[in-house]
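Have a look at the structure below before the remarks.
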Amino acid sequence: MRGIFIVLLSIFLLSFLPANSLANISPQVTFSQEIIGFDANGFPYPLTEINPSTLQGMRDLSYSLDQSHELLIKTNIPDAENRGLERLVETVQQCYLFVQDETNQPLDENILLYLIEFDTVPEYYRFQMSFNRGETDWGEVRLILINKGAPLYGPNAPENLNELLYDTLPHELGHDVLGKIANLQHDIDGKPSYWTRWFIEGVCELLAKNFSRVEAPYLWGDFLAKRHIDTVLSNSIIRENIFHWAQENSFNPALESDLYGASMLLLMDWTNVVNLHQLLNRIDNHDNLLNGPDIMSMMEVSTNHNRYEILDRAHRLGKRLFNTATGLSAQK
C-alpha cells in the first residue's frame with residue numbers, strides 16, 4: 001500500500017500545479033512542476049531538484065507540430081527511438097491539433113518536453129525553467145521522469161507519462177487557447193477573483209477527457225473516476241462553491257479535484273446544447289469583458305435552465321458517464 005499511496009498522491013498533485021507562472025511585470029516566463037511523495041509515516045521524502053542541463057547524455061530532438069510550430073524533446077534516453085518515441089511524438093502532435101480543432105482557436109506556440117530517465121525516479125522532485133520574454137514561444141514546458149528502460153508509448157508506459165500525454169497536456173493547451181480570448185477575464189494571483197474558474201477549468205477538463213476518450217479509451221475511465229463524476233454534484237459543498245471558485249482559496253486538494261470534475265460536467269452539459277466552437281466564438285466576439293456571473297447568465301439563457309437545474313442536469317450526466325466508463329473498464 002505504501003507505494004500505491006505515493007504514486008496516486010503524486011499524480012493527484014500534478015493535476016493542480018500550474019504549468020507556468022506569469023507575472024505582468026516580470027521580464028521572464030517561468031515554468032514549474034513539483035511532485036511530492038510521502039513515506040508511510042506521512043513525511044515527505046527528501047527533495048530532488050531536477051536540472052536537465054547538468055545531466056549527461058542529453059540531446060535535442062525537433063519535430064513539427066504544424067507548418068510553423070515545433071515540438072522540441074530534450075532527453076538523455078539513448079535508445080528512445082526503439083522504445084516508442086515516434087508514437088509519443090505523434091500523440092503530442094495529435095493533441096495539439098485536437099485542441100485547435102475542438103476550440104476553433106489557434107495555439108501559435110511551441111512545446112518543450114524534457115524526457116529524462118533515471119535508474120530510480122525520485123519520490124519527491126521539483127523542476128523549474130525560466131525564459132526571457134520574447135526569447136522563445138514556448139506554450140508548454142514539461143518534465144517527464146521515467147525509470148530506466150520503460151516504454152515510451154502504450155498501456156505499459158509509465159502512468160505519469162500517459163497521464164501527461166492524454167490528460168495534462170490537452171488540459172494545459174486548453175488554458176493556452178483560453179488565454180488568447182481577450183473578453184474572458186482570468187484570475188490573477190493577488191487580485192480579486194472574476195469567478196470564471198469554473199468555466200475555464202471546465203473547458204480544459206472537457207478537452208482533456210474528450211482527447212483521452214478518442215486516443216486512449218483504456219485510460220479515459222480512470223481519468224473520469226479520479227474526479228468522482230458520479231457523486232461530485234450531489235455534494236452540497238461543491239454545489240455551493242462551484243460558481244465562486246477562486247484561484248486563491250483555502251480548499252484542500254480533494255475538494256479542488258472535485259471542483260475540477262464538477263466544472264467539467266457543467267461544460268459537458270452546456271456543450272450538448274451549444275457546441276464549444278460557438279460558445280468560445282460568442283465570448284470572443286462579445287462587446288464587453290465577461291466575468292463568471294456574465295458567463296453563468298449566458299449559460300442559463302442558452303440552455304433555458306436556471307443554475308440549480310443545470311447543476312441537477314450535470315449531476316445526472318455524471319452518473320451516466322460513470323456507468324459508461326465503468327462498463328468500459330470491466331472490458332479491459
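Given the structure is predicted, the values throughout are model-derived calculations rather than measurements.
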Under-4.0 Å salt bridge between E117 and K148: no
At their closest point, which heavy atom of T271 faces which heavy atom of L279, and how far apart are they? CG2-CD2, 4.3 Å
Can you tell me if H277 has over 12 outside heavy atoms packed within less than 6.0 Å of its NE2? yes
Ion pair E109/K180, N-O distance below 4.0 Å: yes
What are the two closest heavy atoms between G139 and D176, and how far apart are they? O-OD2, 3.5 Å
Dump the intermediate steps for side chain to side chain donor-acceptor pair (under 3.5 Å) on H286 and N183, then the final yes or no. CA-CA 7 Å; H286 203 275; N183 288 331; 5.8 Å; no
For E86, does the CD atom have more than 12 heavy-atom neighbours from other residues, nucleotides or ligands under 6.0 Å away? no
Below 30° counts as parallel, above 60° as perpendicular, anything between as tilted: where do the rings of H69 and Y96 land? tilted
Distance check, rounded to the nearest 0.5 Å: T168 atom OG1 versus E172 atom CD? 7.0 Å
So for atom CG, which belongs to N285, do other residues, nucleotides or ligands contribute more than 12 heavy atoms lying within a distance under 6.0 Å? yes
Mind listing the closest non-hydrogen atom pair of A325 and G221 along with its distance? CB-CA, 3.7 Å
Y194 atom OH, over 12 foreign heavy atoms within 6.0 Å: no
Given Y260, which of E205, R227, R197, K226 fulfils the side-chain hydrogen bond (donor to acceptor under 3.5 Å, both in side chains) condition? R197
Using a strict threshold of under 4.0 Å (side-chain N to carboxylate O), is an ion pair present between K209 and D167? yes
Using every non-hydrogen atom in the two residues, find where Y153 and G84 come nearest and quote the distance to one decimal. CB-O, 3.7 Å
salt_bridge(D230, K319) N-O dist < 4.0 Å: no
Please lay out, stage by stage, how D189 and Q247 fare under the test side chain to side chain donor-acceptor pair (under 3.5 Å). CA-CA 7 Å; D189 291 342; Q247 182 168 312; 2.4 Å; yes
Can you name the one residue among D66, L173, V177, L65 that meets side chain to side chain contact (heavy atoms under 4.5 Å, CB included) with Q100? D66
Shortest non-hydrogen contact from I229 to L265? O-CD1, 3.6 Å
Shortest non-hydrogen contact between S64 and Q93, atoms and distance: O-NE2, 2.7 Å
If you measure from CZ on F223 to CE on M264, what distance do you get to the nearest 0.5 Å? 12.0 Å
Is R59 reaching over with its side chain to a backbone N or O of I77, donor-acceptor style, under 3.5 angstrom? yes
